[in-house]
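Read the structure below first, then the notes.
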Amino acid sequence: MKFRSALVYGKLINLAINVIDKSRGSNKAGDMAMAKCPDMMKHFKGIDPSKVLFITGTNGKSSTNNLINHILKKQGYKVVSNLEGANLLTGICTALIKASDLSGNIDADFFVFETDERYLHKIRENLPCDNLLVTNIQKDQVQRNGDPDYIYRKISKVAEEFDMRLFLNADEPRADSLGRKASRAVRFGTARHSRSFTKDDSYVTMPCPVCRHKIEFSYYNNDNVGGFRCVHCGFSNEDGADYVTENSDFENRTFAVRGVPFKMPYDQPYMLYNYSAAVAAVKEIAGIEPEVAAKAFADFSNISGRYETIRYKGKNIKYMRFKQENPETLQNFINVIASDPDEKVIVVGYGTVNDIIPSYINSFYGFDCDFSKMIRSNVKKFLCVTDTVCYDAANSFMYGGVDPSMIEILPTSDVSEILEAIAKQDTDNVYLTMELAKFEKMQAVAGKED
Amino acid sequence: MIKIAWMYPDTLYLHGERGNALALKHISEVLGGEAVLDKVDFETKDFDPMDYDILFFAPGEVSSFEVIGEDMGRYMDRLKEFIESGRAVIATGTTLGLFGGEVSRTDGSKTHGIGFIPATAVEREYVYGDDEQINADYHGRKMEVVGNQIQMINVSFEETAEFRRFGSVVYGMGNNGRDGIEGVVYKNSVFTNMLGPVLVNNPWLTAEIIRAAAEASGKNVKAEDPDFELEKKSLECKKVFIAEKKPGSMGL
């Protein structure tokens, strides 16, 4: 009875949100309904745990979730998911409320949820699930996550406590090592390709998740993801993975999995892991063969906001979002710029981190990243903007090897001033990174002016 | 020549502290003309701390304390000699706990540091990340230092005549959010919760550490700081940002 009234209440809230403001709908109904019935997720009917998949990890959760949903739906399956990205308990509960009838019955073929790594245990306690996909466990959001081991222990606990089939990134040592804690593991990866890279010995790698000694990478496909081996205990991924993207051709945008050719919808190298993860998951959970999955890749469109281009006074401004507390995404940004041989200006808007209270300043991760290829890629100027962190950004670029005479500092967060500074540059090819909210303001101003 | 050992860099690998290692080398070069930065880890044979002027230990995960502490046993006597001689150990972030005693973990287990500092630690259930501003008194020089904390452990430490605070907290959590004490100093060695590019962004501190270590080794470095204009502008920006935070926003 308590469940039924909470469910009705949740549905009414969803209804109201749809009328008032749809953008606020991803958490609210679950949040308010669970206040009335905290364990309501346990009462939904029609959920087969073998058809439930949780996607967790540091980077790639949303894209992988989006792609798996796309492939399943192309096959005509009905999928319940949290594609809006609300990945806490309340977001998943909202998705279930939306999908159920007034008795709590859900008629769906699959349940695919992006899940926040810190709340994974809580979510699994409330929703039976036989399948867990771990994209990677990296340095990220240190203000909340502290260090990767903090998250590793949380995911490990779930892997040890619940009997789940794990889908693991075989090229990321922490994720791969979770296979030792599971009775069933499916491993996915990416073969070395033309955009794989190495770093010189001045950079750090990471401790082995088994013995804490040094992990050595023979190459990287992403930062701290690639061919690895522990120098002490020999833990490695040299035995390969079950699903591997191979023969990646970034010019013609193709790759293969198990000999099956695929179109590459997005040519950022890190997306290859989302591709192999999705092919593995749909084959193992839904029996969709790679040949069939490949057809769905042809018209896959990812969530927006990662990459955008705006025009302003003749300048082609390419925006790439990176997470300031996450060196992998910063290195990805650098690598994309480095692959463009044309003359360019780079605008860096490190800002204060405002995710949770208190806001704070974090300019740590420039020092983990290798700028050398970007520096050699015909950059005419580095423009460091924002009012609080511009000097630290400039300093980190200097330590990264950038000639100080190529750095211009503009200590402002005013997007109009930043746009005017961009307009004065000699080249039309501009790369920009800053927090999404600030970029959206810039987009609005540029749209009015141009 | 100033010689710096970067200790266990792939195990004490967090928070972009490669920047601090580079800053120690760069500022040593600015002050003294030549510097060497060597990585030292489990696989380094015949490591002798006394071959160096500065040992830099960056933050790592508490899970690594045991294996590192065990490895440090092979050169512990020479490490103590190094510290007593006035050369400088710099330990940042959670690694402060590696030099202390017992660490109580969230799962109820205990791990141990090497027991050099009279301090104990309790692992936090929830991470606390923020800016930190302190007034430091190091090597006879008073200075403002602004950095960050990503606090994984709360440290309990009672000052003595020999083991003193590294700084007094102006803003931030310090060792534990209670006593206004940040870090520990013993002779010229610094054990601080501050992390991230603290030595990059506070080069006046870095320069003083280098001077103290060089003095202990009988080496000459410049007594005057260079201009550090960029870092001073950064410091002023951060002080304004911190001052504008609402009282009580620390959420301890």
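Throughout, protein chains are lettered first and strands after them, A, B, ... in sequence-line order, and every chain is numbered starting at 1.
Not one N or O on the side chain of B:Asp10 forms a donor-acceptor pair closer than 3.5 Å with the backbone of A:Pro207. Remark: side-chain polar atoms of B:Thr11 are paired, donor with acceptor, to backbone N or O of A:Arg212 under 3.5 angstrom. Using modelled atom types, one side-chain atom of B:Arg18 and one backbone atom of A:Phe367 make a donor-acceptor pair closer than 3.5 Å. Between the A:Asp147 side chain and the B:Leu14 main chain, no donor and acceptor come within less than 3.5 Å of each other. The backbone N or O of B:Glu61 sits nowhere less than 3.5 Å from a side-chain atom of A:Asp149 that would complete a donor-acceptor pair.
Annotation for B:Phe241: atom CZ counts as buried by contact number, over 12 foreign heavy atoms lying within 6.0 Å. For B:Lys39, the NZ atom counts as densely surrounded, since its 6.0 Å shell holds more than 12 non-hydrogen atoms of other residues, nucleotides or ligands. For A:Lys438, the NZ atom is densely surrounded, since the number of other residues' heavy atoms within 6.0 Å is greater than 12.
Counting heavy-atom pairs closer than 4.5 Å to chain A, the top-ranked of the candidates B:Ser63, B:Pro59, B:Pro9 is B:Ser63. The most heavy-atom pairs under 4.5 Å with chain A, out of B:Val67, B:Leu230, B:Asn20, come from B:Leu230. Annotation: maximal heavy-atom pairing with chain B below 4.5 Å, among A:Ile215, A:Asn145, A:Val353, A:Asp201, occurs at A:Asp201. For the set A:Ser363, A:Ser359, A:Cys390, the entry with the most heavy-atom pairs within less than 4.5 Å of chain B is A:Ser359.
Neither the backbone nor the side chain of B:Glu236 has a heavy atom closer than 4.5 Å to any heavy atom of chain A. Interface remark: B:Ala21 contributes no atoms to any contact with chain A (heavy atom separation under 4.5 Å). Using a 4.5 Å cut-off between heavy atoms, A:Tyr203 contacts chain B through both its backbone and its side chain. A:Ser396 does not touch chain B: none of its heavy atoms, backbone or side chain, sits under 4.5 Å away. If you measure heavy-atom distances from B:Asp131 to chain A, the contacts under 4.5 Å come from both the backbone and the side chain. Only the side chain of B:Ile150 comes within less than 4.5 Å of a heavy atom in chain A; its backbone stays farther off. Neither the backbone nor the side chain of A:Pro411 has a heavy atom closer than 4.5 Å to any heavy atom of chain B.
In this structure, A:Tyr391 and B:Cys237 approach most closely via the heavy-atom pair CE1-SG, 3.6 Å.
Contact of the B:Thr106 side chain with the A:Arg153 side chain is registered, since non-hydrogen atoms from C-beta on lie closer than 4.5 Å. At a threshold of 4.5 Å between non-hydrogen side-chain atoms, the residues A:Lys139 and B:Tyr13 count as touching.
Taking the six-membered ring for Trp, B:Phe42 and A:His232 have ring centres at least 6.0 Å apart.
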Give the C-alpha distance, both sets of side-chain angles, the deciding distance and a yes or no for side-chain contact (heavy atoms from CB on, under 4.5 Å) between B:Val127 and A:Val142.
CA-CA 8 Å; B:Val127 181; A:Val142 291; over 6 Å; no
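Using bins of under 30°, 30° to 60° and over 60° for the plane-to-plane angle, the ring pair B:His15/A:Tyr365 lands in the tilted bin.
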